[in-house]
Number of protein chains: 2
Amino acid sequence: MPKSSNATEIREVMKNEGLRITPQRFAVYANLLRREDHPTVEQILEDVNADIPIASKASVYSALTILREVNLVREVLLDEGVTRYDANVNPHHHFVCSDCGAIHDLAWETFNCFDLSQLSDGLQAESYEVTVKGLCQSCQ
Amino acid sequence: MPKSSNATEIREVMKNEGLRITPQRFAVYANLLRREDHPTVEQILEDVNADIPIASKASVYSALTILREVNLVREVLLDEGVTRYDANVNPHHHFVCSDCGAIHDLAWETFNCFDLSQLSDGLQAESYEVTVKGLCQSCQ
DNA sequence: TTAAATGCAAACTATTTGCACGTAA
DNA sequence: TTACGTGCAAATAGTTTGCATTTAA
């Protein structure tokens with residue numbers, strides 16, 4: 001479900017992380033909060049500049065970089081050569097439609113039966129993430 | 001464990017897939033079969049040309065593309081912006097060391113407790129893959 | 001013999017960087 | 001006021017493509 005954040009709340013969150021609030025950063029973060037489709041930089045750029053041009057590509061990159069550093073957004077790397085972004089930083093997994101490419105979040109609890117203490121070769125696990133591929137509802 | 005394939009066996013496998021066997025393709029596939037470190041194109045290129053130059057970058061790309069098409073190798077996408085390749089096409093998972101970046105294969109059976117029929121939103125799962133992050137033995 | 005692969009260089013895409021100018025605090 | 005962010009354009013990295021030449025079968 002999309003987080004219902006108003007402008008004031010968003011500003012508050014950013015301020016709490018010590019971020020200087022510029023129109024560009026605000027637009028990028030607000031945009032990511034309002035959508036669930038794990039957009040690419042290009043998509044964020046288009047969306048943010050839809051009405052009036054507000055941010056350059058370089059600024060979107062820089063906004064995303066700093067938002068990632070303070071852990072307000074995270075990267076999602078799936079099967080292409082493009083980085084996608086997600087304002088949902090809670091642990092969760094991903095479903096990718098092998099037909100249309102749409103990405104859906106899967107609740108963390110979907111896969112919680114692992115015993116990570118049992119890995120081979122003395123590997124010490126810290127976290128894990130599951131990517132499921134298949135067909136989304138509209139592509140079946 | 002590295003597959004112990006001799007030249008004749010490798011040729012046989014490639015021929016079975018209907019591939020024309022060129023020195024470049026052979027070198028790329030043999031190289032991938034002999035290593036387990038999920039190399040990038042750059043690394044394959046260096047390794048294959050270590051003694052005498054045998055393949056151009058374009059040929060390595062094209063060899064990998066066709067080997068992927070016939071399912072003799074697969075791409076591995078992890079946390080960077082680089083594609084890595086793997087001659088192990090059996091289902092398995094990956095462990096990535098968050099310190100040195102080394103990649104280890106994890107046996108499929110490590111995570112086999114999923115009920116994929118129970119996904120939300122009418123999603124129809126076909127496959128899944130787990131990526132574990134942590135510290136490898138030498139980085140602990 | 002010939003359809004298909006190679007190698008080079010140029011093109012392309014995603015991302016990063018340098019620097020003059022602008023602005024949030 | 002000023003340290004920090006923005007925007008542009010140029011640089012870089014990874015990958016793809018076009019085309020003339022070579023080669024596996």
Side-chain angles (χ1 to χ4, degrees), chain A residues 7-8 10-31 38-49 52-70 72-85 101, chain B residues 7-8 10-31 38-49 52-70 72-85 101:
Chain A
T8 314
I10 297 176
R11 274 168 211 283
E12 207 55 48
V13 172
M14 293 175 75
K15 204 171 289 180
N16 285 343
E17 298 297 336
L19 293 190
R20 225 160 118 170
I21 297 165
T22 67
Q24 292 79 0
R25 283 183 187 173
F26 178 84
V28 168
Y29 186 43
N31 185 258
H38 308 72
T40 63
V41 169
E42 208 58 48
Q43 292 169 329
I44 297 169
L45 191 64
E46 276 173 30
D47 207 9
V48 145
N49 289 335
I52 35 162
I54 182 177
S56 69
K57 187 176 287 197
S59 299
V60 172
Y61 272 106
S62 118
L64 289 169
T65 301
I66 202 161
L67 286 164
R68 205 177 51 209
E69 278 169 8
V70 299
L72 286 183
V73 311
R74 68 150 149 168
E75 291 185 343
V76 179
L77 267 132
L78 300 168
D79 258 11
E80 332 127 283
V82 210
T83 306
R84 295 178 171 276
Y85 290 87
Chain B
T8 315
I10 298 176
R11 273 169 213 285
E12 207 55 47
V13 172
M14 292 175 75
K15 204 171 290 178
N16 285 343
E17 298 298 336
L19 294 189
R20 227 160 117 170
I21 296 166
T22 67
Q24 292 79 2
R25 281 183 187 173
F26 177 84
V28 168
Y29 186 43
N31 185 259
H38 308 74
T40 63
V41 170
E42 208 57 48
Q43 292 170 329
I44 297 169
L45 192 63
E46 278 173 28
D47 207 7
V48 146
N49 289 335
I52 36 163
I54 182 178
S56 70
K57 187 176 285 196
S59 300
V60 172
Y61 272 106
S62 119
L64 288 169
T65 300
I66 203 161
L67 285 164
R68 206 177 49 208
E69 277 169 8
V70 300
L72 286 182
V73 310
R74 69 150 150 168
E75 291 185 344
V76 180
L77 267 131
L78 299 167
D79 256 11
E80 333 127 285
V82 210
T83 306
R84 295 178 170 276
Y85 290 87

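Order of the sequence lines sets the chain letters (A, B, ...), proteins ahead of strands, with each chain counted from 1. These numbers come from a predicted model, not from an experiment.
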- [ ] Check if the side chain of B:R20 and the base of D:dA24 share a donor-acceptor pair of N or O atoms closer than 3.5 Å.
- [x] yes
Open item on the list: Regarding B:S59 and B:S56, do their side chains bring together a donor and an acceptor under 3.5 Å, going by distance alone?
Closed with: yes
Open item on the list: Check this for me: does any side-chain nitrogen of one of B:R68 and B:E75 sit under 4.0 Å from a carboxylate oxygen of the other?
Closed with: yes
TODO: May I have the distance from A:F26 (atom CZ) to C:dA25 (atom C1'), rounded to whole angstrom?
DONE: 17 Å
TODO: Would you name the heavy atoms of B:R25 and B:R20 that are closest together and state the gap between them?
DONE: NH1-O, 2.9 Å
- [ ] Check every strand shown and say whether B:L64 touches a base, only sugar-phosphate, or nothing at a heavy-atom separation below 4.0 Å.
- [x] nothing
Task: For atom CG of B:L19 and atom C1' of D:dT23, their distance in whole Å - done: 16 Å
Task: Short side-chain N/O contact from A:T22 to OP1 or OP2 of D:dG5, under 4.0 Å - done: no
Task: Distance test, side-chain N/O of B:R25 to OP1/OP2 of C:dA5, below 4.0 Å - done: yes
Task: CG on B:L72 to CG on B:L19, rounded to 0.5 Å - done: 6.5 Å
Open item on the list: Heavy atoms only, 4.0 Å cut-off, all strands: where does B:A63 land among base, sugar-phosphate and nothing?
Closed with: nothing
TODO: With the side chain of B:A58 defined as its heavy atoms from C-beta on, choose the nearest nucleotide among C:dT15, D:dT17, C:dT17.
DONE: D:dT17
Open item on the list: Check this one for me: any side-chain N or O of A:Y61 less than 4.0 Å away from OP1 or OP2 of C:dT16?
Closed with: no
Task: Among C:dC8, C:dA5, D:dG7, the one nearest B:I66 by side-chain distance - done: C:dA5
Task: Whichever of A:A55 and B:T40 has its nearest DNA chain D nucleotide further upstream toward 5' - done: A:A55
Open item on the list: Is there a side-chain contact between A:S62 and the phosphate of D:dT6, meaning an N or O under 4.0 Å from OP1 or OP2?
Closed with: yes
TODO: Quickly work out the A:L45 CG to D:dT6 P distance and round it to whole Å.
DONE: 13 Å
Task: Side-chain donor/acceptor of A:N49 to backbone N/O of A:I54, under 3.5 Å - done: yes
Open item on the list: Check this one for me: any side-chain N or O of A:T83 less than 4.0 Å away from OP1 or OP2 of C:dA14?
Closed with: no
Open item on the list: Check the phosphate of C:dG7 against B:S59, side-chain N and O only, distance under 4.0 Å to OP1 or OP2. Yes or no?
Closed with: yes
TODO: In whole angstrom, give the distance that lies between atom CG of A:L77 and atom P of D:dG14.
DONE: 14 Å
Open item on the list: Just the rounded figure in Å: distance from C1' of D:dC8 to CD1 of A:I54.
Closed with: 17 Å
Open item on the list: On the six-membered ring of B:Y85, is B:R74 placed so that its NZ or CZ lies under 6.0 angstrom from the centre and within 45° of the ring axis?
Closed with: no
Task: Residue closer to the 5' end of DNA chain D, B:Y85 versus A:V60 (nearest nucleotide) - done: A:V60
- [ ] Find the distance B:E42:CD to D:dA13:P and express it as a whole number of Å.
- [x] 10 Å
Open item on the list: What is the separation between atom CZ on A:R68 and atom C1' on C:dT16, rounded to the nearest whole Å?
Closed with: 12 Å
Open item on the list: Rounded to whole Å, how long is the line connecting atom NZ of B:K57 with atom P of C:dA10?
Closed with: 15 Å
TODO: Please check the phosphate of C:dT23 (OP1 and OP2 only) for any side-chain N or O of A:Q24 closer than 4.0 Å.
DONE: no
